[in-house]
Every structure is written in structure tokens, then in C-alpha cells.
Amino acid sequence: MKVAVIGTGYVGLTTGVCLAYVGHEVHCLDVDQTKVDALRAGKIPIFEPFLAELMADSSERLNFTTSYEEAIPGAEVVFIAVGTPSQADGQPDLKYLRSASQSLGRSLEAPFTVVVNKSTVPIGSGNWVGALIRESQKAAGRSSDFAVASNPEFLREGSAIADSLYPERIVIGSDNDRALELLYTLYRPVIDQSFSAPAFCPRQEGFGAVALVSTDLASAELIKYAANAFLATKISFINEIGLLAGRVGADIQHIARGIGLDSRIGNRFLNAGLGWGGSCFGKDTAALSATAKEYGLGMGIVEAARQVNFGMRERVIDRLLETLKIIKGRSITVLGLAFKPNTDDLRDAPAIDIIRRLRDRGVIVTAHDPIAMDRFRIEHPDLAEVLTETPEEAIRDSDAVVLATEWSEYRELDWAALASTVRQRNLLDTRWALDADSLRKAGWNLLRLP
Ligand SMILES: NC(=O)c1ccc[n+]([C@@H]2O[C@H](COP(=O)([O-])OP(=O)(O)OC[C@H]3O[C@@H](n4cnc5c(N)ncnc54)[C@H](O)[C@@H]3O)[C@@H](O)[C@H]2O)c1
């Protein structure tokens, strides 16, 4: 099928590349000329494992452009995958969605097109996108038949390719049957798993047909928010229990295992520690609450999950104060900047929050990340001076080390040797990533969260 994807960020680029890989003709469109130039030259502007390899394998069916006139006419399916960042009141900023809808409305020209919201957008956005397209079609003196659908994205950065080629489910929502049929046809190779798996990202043995949830527009939109709010709540729940466990002398790791083995609960997303960050959970839980408010509803559980989560960042400062008593003027090292390993995404990364809180309290901070430092220099130039080229350099002469992102590189450090390079051997492993016995043997005072 002929497909256009508007927005070549983490979601749009992965979607475009995967759809090309399974056999579709894909135009990827972005307003960012630098990004498009890089993509045309075969360079990936983000860090995402296997994306470069898959893009190279699919290059004959992939095209990158900044031109709506080039990408949209003739497309049977147009995905909108632009950013929807949070505003101060929690509502997502829909200016990119508005602009993309208007531009695509001016260029639509096919017997029938499905316009698919892949961006995470508030309930009702599908109708709004439809209205915007109709308005701009009218203004441009064009008319072509289209329907709007929602196809929320569930990929996780760091495993985006596997999540897209081998998803646990695909959700499509529309109030138009023809749109749903076209989306079913588009996803058929993924649903049936009829494509040959790339050698670098193989299909797990026994992985079969993918579940398809086909629903109305509003339900599909709400599924995405409900999924993220649930996962965010699960993490905050274990952190809340962890706070109590710390007081009563119980072991949160054992508690998580003890409850997670109950299949009604499940053991994933039960990792106590620094909590969630990233571009989605914070933004989407805020948006869900803001939408509910419009309908006179409170989202008490979701609000509590947010409160517990953001409290964990201050908890890092508390743990350091408990240990060092005075942190003003001390040297503290933060290891890991990205909001999780295997991505360079720094949006709402807890590490950045922690670095700012520490500096506000007069701490001399050093920091390192194996992948995200270039992006950090661009997005946080005021903090660039904290960076060091190696983790060893960051740790030298430190009064405390805070492991904020559990990159495997940090597990593999020679912690025994590092112990003799610091001023004080305090190590706050906020992710429970390091081996406690060997660290203690090496003389580290190992601290954990909550
Ligand atoms: N990142 C994730 O893990 C993830 C997962 C699921 C859902 N989502 C949702 O997907 C959406 C996109 O997220 P992302 O992380 O890929 O964002 P991103 O910021 O990485 O990418 C958005 C891209 O859209 C481009 N863009 C903006 N306005 C445009 C326009 N008018 N025309 C063409 N291109 C335009 C930007 O230049 C940018 O390259 C968001 O709504 C997000 O909530 C993200």
C-alpha cells in the first residue's frame, strides 16, 4: 500500500521503517530539514537499536521529504506521528497536530484516504483532525474522500523495532468501516507474521498471530491513556509500598517478587526505585487528568501515581542528606542521563531533575551517559559543564555516586578499583542494578531507593 508518515521522531520513523520493511511504499515527512537531510543520507537522528539496519534493508521502499505535496497525494494511509508535548496545565500542546492536519488537508488527493492519529492525543482529537482537514480542503478548493482513525502506539524506546514487528496487540479505532478495513490490510503482514524476520531482530520462537483490537475512535484514543496510566500507577504502587518497607525493615525486592508471581498482578513494572520519566508517562497521565477535569471527574489514582513518582526524585536528595548530612559544597556524581537505558531520549529524565535539584543546593555535580551526552549538550546547554568523557572521570573525588540510569556499561565498571578514587564511598543505586555483595566487599556504602 502507499503510505505517508508525518513526523519522523521516535514513533514516526520507527513506524515508517517497519511498514516499508513489511512491504509498503512509505513516504516519511518532517518539517525539520536537517532531520530529513540526515535520513536521506542514511543517518538516524536518534539512538534506537536496529533502526539503522532495518532502514538500510527497506531503503528501496522508503522516501524522506519535507514536502506534503510529494508525500500525501496518492497515499491510501496517512499517519500523523508529530509530538504532543505537555503544557503547564497538563493539556497536551496540539499545535503540531493542528499544523500537520491543515497541511495534509491541502494536499489530500486520492479516491479514499485513512488519516491515522498515531500521536497520543486527547479523546475527541480524531473528530477535530477531521474538521481541520475539511476546512483546509475547502480553503484550497480541493475535495477528496477520507476518514479519520486512531492507531495508538505502544512501542518502548530501546526496543522499538521488536515492539513494532512483534507487538502484543494492535489497536485500531474508527467510526468508518472502510478505514478499519484498510488498516487491517495494512497491518496484515504484522498480524499474520507473514514477513521474514530480520536476522538482527529475530522473531521469538512460538510467537504467533498478533491480536487485533478493532474499535470505535474514542475507545482507541482512551486505550492509549489507560495503558500508560496503568503502567505508571503500577510503578508508583511498588514505590509507595517500598517507602513503607524501608520504614518497617522489609525487603521491597522480595515483596515485588512475592506479589508479582501472582498472575493477576504480574512481575513487570514492579521495579522499585527512581520511578518513571520519559516523553510519555508524565505527559499522558497529566493529559488524562486534564481531560477528566473537563468532564467534572477527578482521577485520584492517577494523580496519586504522579505524586509518588515525582516524590522519588526528592527522595534521592533526602537519601543523600541522610548519609552526608551536609551536601552543600560536596561533589556528587550522577551516572546515566537518558530516562532509561538504550535510548538517548532525555525528555522528563529523572537524572536531569536530580542534577538541577543538587546544583540548586550548592552541590558540585559531575555526570556521564554512554549515549545521551551529545543530546544533553544541545538540550541543556546550561548544564553542559557537569559532563565528563568517562564514568571514571565523573566518579573521581566524589562524595557520593548516584546511579540514575541502569546502563549495562555501569554494571560492568570496576567498582572495586573505583572505590580507591573517591573521597567517600557512598553509592546510591536508584535502580537496584548493581550487585550488592561485591560492592559491599569493595567497601562501598550501598544505598537504595525508596
Ligand atoms: N516516544 C515514544 O516512546 C512514544 C510511544 C508511544 C506514543 N508516543 C506518542 O507519539 C507522538 C510522537 O512522539 P515522538 O516521541 O516520536 O516525538 P518526536 O518529538 O520525537 O517527533 C515528532 C516529529 O514530528 C515533527 N513535526 C512536528 N510538526 C510537524 C508537521 N507539522 N509536519 C511534519 N512533521 C512535524 C518534528 O519535527 C519531529 O521530528 C507523541 O504524541 C507521543 O506521545 C511516543
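All ligand and atom numbering here is 1-based and tracks the order in the structure.
Residue-ligand proximity, Ser99 to ligand 1, at heavy-atom distances under 4.0 Å covers atoms 31 (N). For ligand 1, the atoms sitting less than 4.0 Å from at least one non-hydrogen atom of Gly83 are 22 (C), numbered in the order shown with element in parentheses. Interface atoms of ligand 1 facing Lys224, defined by a heavy-atom separation under 4.0 Å, are 6 (C). Close approach to Gly9 involves these atoms of ligand 1, each under 4.0 Å from a residue heavy atom: 16 (O), 18 (P), 20 (O), 21 (O), 23 (C), 39 (O). The Leu29 neighbourhood of ligand 1 comprises atoms 33 (C), with distances under 4.0 Å to a heavy atom of that residue.
Looking at Tyr10 next to ligand 1, an N or O pair under 3.5 Å apart turns up. Ligand 1 has no nitrogen or oxygen under 3.5 angstrom from a nitrogen or oxygen of Lys118. For Glu153, no nitrogen or oxygen atom sits less than 3.5 Å from a nitrogen or oxygen atom of ligand 1, counting backbone and side chain alike. The shortest N/O to N/O separation between Val11 and ligand 1 falls below 3.5 Å. Annotation: Asp284 places no N or O atom under 3.5 Å from an N or O atom of ligand 1; distance criterion only.
For atom 17 (O) of ligand 1, the nearest protein heavy atom (residue, atom name, distance) is Arg347 NH1, 3.6 Å.
The closest side-chain heavy-atom distance from Leu39 to Asp30 is not below 4.5 Å.
Within the structure, no pair that satisfies the ring pair (Phe, Tyr, Trp, His ring centres under 6.0 Å) test touches residues 66-101, not counting sequence neighbours.
Ala179 is linked by a side chain to side chain contact (heavy atoms under 4.5 Å, CB included) to Val114, Ala147, Ser174, Asn176, counting only residues two or more places apart in sequence or in another chain.
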